[in-house]
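Naming: A, B, ... by sequence-line order, numbering from 1 per chain.
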Amino acid sequence: MKKDFKILSNNFKGPLNLYLTISSGQTSQPAWLKKNGYFHEMIIVDDKPCLIKIKSGNLEGPLEVITESSEKFEIKAIKNQINEIFGLNDNLDKLYEFLLNDPKLEPTIEFCRGLRLFKAHNPFECLIASISSANNSIIRWNRSIQLMKEKWGNEYQFPSGKFYIFPDPEKILQVPEHEVEELEICGGEKNLEECVNNLKSCGVGYRGKYIKQAARMVTKEINFNEVMKMGYGEAFQALLQIPGVGPKVADCILLYGFGMEEAFPVDIWIKRIICELYFNGKEVSVPKIRLFGIEQFGEYAGYVQLYLFHYARKSGLLEKLRPRNKL
DNA sequence: ACCCAGGCGTCAG
DNA sequence: CTGACGCCTGGG
């Protein structure tokens, strides 16, 4: 069953650059598949799989959405999810007012106009993606997540192609961590090279152990629904209990997975950028940068982090801050 | 063509 | 605080 509709720009505040939002490498989910001018992804609406195809002509134009599914849906429910995922509930006009008041942030606007937080559509996938992103590159963790979906996620066929749901925690718990464990389980039926049905085979390296432990915690000690109801500070502490989750990853999960926009994830690049812009290039520790961001940027901290990074990348500041380019 | 040092965030020591 | 962790990248 196909359905199409538009989301007009008077339904959200400020510009929207869909391409930038999906493609800027935000840590919560891999970029959506681009085919025939539409971004594609399968999401769960009312517990049922629904393929979303989405595009927008320009910054001011409407979002065009086509859905494919064998199930019936309320359009309203699909719209609500799309609004969540692409940050359409965020008021960018107000954000830009805030950025304009800070000379260090004002230049980010022209580089990032219409860029929004690309929120996760699946909190558990966001957790595993964020753990996988630690000490890793964007393409590598994107590939890992895609492999996990193809190996262990339920497959659904739509007119526009095959899509997979990210496997649930119970499924991840059944998966062997590495080749050796897989070999033991099959009892010598295969040789080591044939063991490609384990976490390590997805290119996650030593993170396989964390991923399994995290999946176990989510089924036992940690209830995401409860974390979601906590205030930011308490939720941050709760997530730190999960193996593989440090301050940076916890903030990514809170920001992208739970929509807490006062989170300020600090990676090495944000640290360098903040030190350069706000501390005259003086070395300041990551935890201090995080507290500085939370204090200084408040409810806009998540957006400031996104805008500073993209701005630095596009303006050449990032290259300048690369250690070997510093003379 | 090939190799190997560098870099990413978290954990354990 | 420092080093180890796995893997890809990119400079030599």
K.L.:
Under 4.0 angstrom, heavy atoms only, what part of the nucleic acid is A:Leu240 near: base, sugar-phosphate, or nothing?
P.N.:
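Here A:Leu240 touches no strand at all.
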K.L.:
Side chain of A:Ile139: nearest nucleotide among B:dG9, C:dT9, B:dC8?
P.N.:
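It is C:dT9.
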K.L.:
Applying the side chain to side chain donor-acceptor pair (under 3.5 Å) criterion to A:Ser201, which one of A:Glu182, A:Glu179, A:His178, A:Lys151 satisfies it?
P.N.:
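Testing each of A:Glu182, A:Glu179, A:His178, A:Lys151 against A:Ser201, the sole residue satisfying side chain to side chain donor-acceptor pair (under 3.5 Å) is A:Lys151.
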K.L.:
With a 3.5 Å cut-off and heavy atoms only, can you find an N or O donor on one side and an acceptor on the other between the side chain of A:Tyr210 and the base of B:dG9?
P.N.:
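Answer is no: no donor-acceptor pair is held.
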K.L.:
Let me know the distance between CZ of A:Arg207 and P of C:dC7, rounded to the nearest Å.
P.N.:
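Distance check: A:Arg207 CZ to C:dC7 P gives 8 Å.
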K.L.:
Scan A:Arg272 against the nucleic acid and name what it touches under 4.0 Å (heavy atoms): base, sugar-phosphate only, or nothing.
P.N.:
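Sugar-phosphate contact only - A:Arg272 comes under 4.0 Å of backbone atoms but never of a base.
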K.L.:
What class does the angle between the rings of A:Phe118 and A:Phe86 fall in, given that below 30° is parallel, 30 to 60° is tilted and above 60° is perpendicular?
P.N.:
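Ring orientation, 0 to 90° scale: parallel.
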K.L.:
Validate the cation-pi geometry between A:Lys53 and A:Tyr38: distance from NZ or CZ to the six-membered ring centre under 6.0 Å, angle to the ring axis within 45°.
P.N.:
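Here A:Lys53 passes the 6.0 Å and 45° test against A:Tyr38.
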K.L.:
With a 4.0 Å cut-off on heavy atoms, is A:Val204 in touch with a base, just the backbone sugar-phosphate, or nothing at all?
P.N.:
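Nothing, no nucleic acid heavy atom in range.
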K.L.:
Can you tell which of C:dG6, B:dT10, C:dC8 lies closest to the side chain of A:Arg143?
P.N.:
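Nearest to the side chain of A:Arg143 among the choices is C:dC8.
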K.L.:
Could you check how far CD of A:Glu319 sits from P of B:dG7, rounded to whole Å?
P.N.:
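A:Glu319 atom CD is separated from B:dG7 atom P by 13 Å.
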K.L.:
When you measure only distances, ignoring hydrogens and angles, does the side chain of A:Arg140 come within 3.5 Å of the base of C:dC8 through a donor and an acceptor?
P.N.:
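It does not, because no donor-acceptor pair links the side chain of A:Arg140 to the base of C:dC8 below 3.5 Å.
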K.L.:
Strictly below 4.0 Å: does A:Trp141 bring a side-chain N or O up to OP1 or OP2 of C:dC7?
P.N.:
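No, because none of the side-chain N or O atoms of A:Trp141 sits under 4.0 Å from OP1 or OP2 of C:dC7.
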K.L.:
Do you know the tightest heavy-atom contact between A:Arg116 and A:Gln26?
P.N.:
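So the two residues come closest at O-NE2, 3.1 Å.
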K.L.:
Does A:Val286 reach a base, just sugar-phosphate, or nothing at all? Heavy atoms under 4.0 Å.
P.N.:
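The residue A:Val286 makes no contact with any strand.
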